[in-house]
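Let me begin by presenting the structure, written as structure tokens, before commenting on it.
All of these numbers come straight from a predicted model, not from anything done at the bench. Residues: numbered from 1 along the sequence shown.
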Amino acid sequence: MSSTVLGRNAVTVNKKYTEYFLPTVLTAIATNIAMIVDSIIAGNLLGQNSLAAINLMSPILQLYFSITILFGLGASSIISFAKGRRDEKQANRVFTSTFIVLIALSVIFIAIQLPLADSISSLLTKDAELKSLLYQYYVPFIIGTPIYLLLMCSIHFVRADARPAFASNIVIVANAVNLGLDFLFMGAFKMGIAGSSIATVTGYVVGFVMMTTHFIMKKSTLHFDFSILRNPVQFFKFLGKMVTIGLSGALGTMLITVKMLFLNTIIQSIGGSAGMVSYSVCSSSQIFMSMFITGASQTMIPIIGVCLGEKDYDGVRYAFRRAARVLAVSSVVIMLFICIEPEPI
């Protein structure tokens with residue numbers, strides 16, 4: 001390949017990576033900062049045990065996040081690849097298949113968790129007060145399962161549909177609504193810790209409504225194609241492909257779920273509720289790094305998918321190298337900041 005073509009390739013990929021990177025990082029920041037601030041508000045308005053109770057939900061939240069990675073990244077990778085090959089029919093069928101699977105999973109999750117919410121809360125903590133607070137927070141979250149799964153997976157589809165900034169705005173608005181309603185529900189309306197969970201679900205409902213506006217617009221290239229239901233063989237083929245592609249990313253977050261379960265159990269057994277509060281503060285600092293990990297890795301997905309569809313392997317390598325550089329620099333900067341200035345954190 002000529003140096004001219006290589007140069008043009010590098011410029012194009014770098015331009016696309018820059019275009020997608022900032023909105024993707026902003027999405028991660030909005031999601032993660034909202035979780036931190038959510039717990040801080042609850043801790044200040046309701047007491048430190050409320051902060052600990054919200055952190056006890058982290059394994060379940062992480063499990064849900066794993067599902068969105070499994071199907072969101074898996075499906076968006078296939079969609080980007082199909083778009084690179086100009087195969088709009090396959091892109092639409094994968095898009096539709098993912099929605100069907102997520103709705104089915106939501107029904108199963110609610111059917112299992114709702115009657116077992118009290119027992120699951122008991123597994124997560126033996127402290128009677130923390131269990132009561134956890135249960136109050138947990139139940140509204142279960143009811144909001146379909147909205148959460150569909151919204152967080154659809155963010156990947158909107159990004160793959162060449163609207164990364166809009167995908168970022170959806171999450172920012174959803175979490176801004178959540179934080180505003182935290183003060184209203186927990187403060188003015190005195191709804192307790194359940195108010196925080198209801199505020200979160202309400203924020204995601206607003207984000208979901210925003211997300212639907214994208215798919216009904218003419219500029220959207222993704223549309224529902226329910227003809228896939230008449231072809232179960234192809235449906236399960238798409239499903240298997242999504243899981244295969246998304247599993248590598250989801251496996252890491254699933255292992256974090258297991259780690260959180262063990263850590264929460266160990267910390268409570270040694271430090272009680274006070275130890276759990278301290279751990280909640282420390283674990284939040286890890287989120288700063290995860291913002292850049294998420295941004296660097298997820299930015300690659302639509303770009304690499306299209307490059308692979310076009311058999312542009314040089315573009316794939318350029319995108320990977322750009323992501324590696326971003327991760328290396330951000331890791332060093334954040335590590336130094338935490339080491340030099342731990343007190344403000």
Side-chain angles (χ1 to χ4, degrees), residues 1 5-6 8-10 12-21 23-24 27 66-102 150 152-164 166-167 211 214-215 219-229 231-253 294-324:
M1 184 178 290
V5 174
L6 283 170
R8 185 172 64 247
N9 192 313
T12 302
V13 172
N14 282 331
K15 182 180 177 181
K16 276 294 174 186
Y17 194 92
T18 302
E19 178 187 341
Y20 276 73
F21 179 70
T24 306
T27 301
S66 300
I67 299 298
T68 66
I69 292 291
L70 182 66
F71 292 102
L73 281 182
S76 64
S77 298
I78 301 171
I79 289 170
S80 296
F81 181 77
K83 283 181 173 293
R85 297 175 57 195
R86 308 295 188 267
D87 190 347
E88 299 297 334
K89 185 175 182 180
Q90 180 178 349
N92 289 333
R93 287 188 167 185
V94 171
F95 169 68
T96 307
S97 300
T98 310
F99 264 74
I100 294 169
V101 170
L102 290 174
L150 288 171
M152 297 312 292
C153 278
S154 296
I155 295 301
H156 297 286
F157 303 146
V158 174
R159 192 179 294 128
D161 208 10
R163 293 192 73 192
F166 185 68
M211 179 269 296
H214 169 77
F215 296 114
K219 65 170 66 175
S220 172
T221 62
L222 289 174
H223 306 284
F224 287 107
D225 182 357
F226 291 103
S227 65
I228 188 64
L229 293 173
N231 192 340
V233 173
Q234 190 176 49
F235 174 84
F236 284 106
K237 182 181 178 182
F238 285 151
L239 178 59
K241 214 170 180 183
M242 286 179 221
V243 172
T244 301
I245 294 172
L247 187 59
S248 59
L251 189 59
T253 55
T294 301
S297 59
Q298 292 189 12
T299 299
M300 289 193 297
I301 302 301
I303 297 171
I304 287 180
V306 171
C307 287
L308 285 173
E310 296 175 343
K311 297 183 178 180
D312 178 8
Y313 303 116
D314 288 304
V316 173
R317 284 189 284 272
Y318 282 126
F320 175 79
R321 289 170 189 162
R322 179 70 185 275

For T253 against A250, the heavy-atom pair lying closest together: OG1-O, 2.7 Å

Minimum heavy-atom distance between V316 and C307, given as atom pair plus value: CG2-CB, 3.8 Å

T98 OG1 to L70 CG distance, which is reported to the nearest 0.5 Å: 10.0 Å

Between CG on residue L222 and CZ on residue F157, distance to nearest 0.5 Å: 8.0 Å

Heavy-atom closest pair, residues L150 and M211: O-CE, 4.4 Å

All pairs passing salt bridge (Lys or Arg N to Asp or Glu O under 4.0 Å) where residues 73-83 contributes a residue, at least two apart: K83-E88, K83-D161

Between CD on residue Q90 and CZ on residue R85, distance to nearest 0.5 Å: 6.0 Å

Reported CG-to-CD1 distance for the pair L308 and I78, which is rounded to 0.5 angstrom: 12.5 Å

Flag side-chain contact, heavy atom, 4.5 Å: L229 against I100: yes

Sequence neighbours excluded - side-chain hydrogen bond (donor to acceptor under 3.5 Å, both in side chains) pairs with any residue from residues 71-81: none

Spatial distance of atom CG (L251) from atom CD1 (I69) [nearest 0.5 Å]: 12.0 Å

pair S154-F99: side-chain heavy atoms closer than 4.5 Å: yes

Minimum side-chain heavy-atom gap I79-H156 below 4.5 Å: no

Minimum heavy-atom distance between I228 and S97, given as atom pair plus value: CG1-OG, 3.5 Å

Step-by-step ring-ring contact (aromatic ring centres under 6.0 Å, His included) determination, F95 to F215: CA-CA 11 Å; F95 169 68; F215 296 114; 4.9 Å; yes

Heavy-atom check, side chain of F320 versus side chain of R317, under 4.5 Å: no

Extract all donor-acceptor atom pairs below 3.5 Å that involve side chains of residues 234-241 and protein atoms in other chains or at least two apart in sequence.
from : atom 1 : to  : atom 2 : distance (Å)
Q234 : OE1    : R93 : NH1    : 2.7

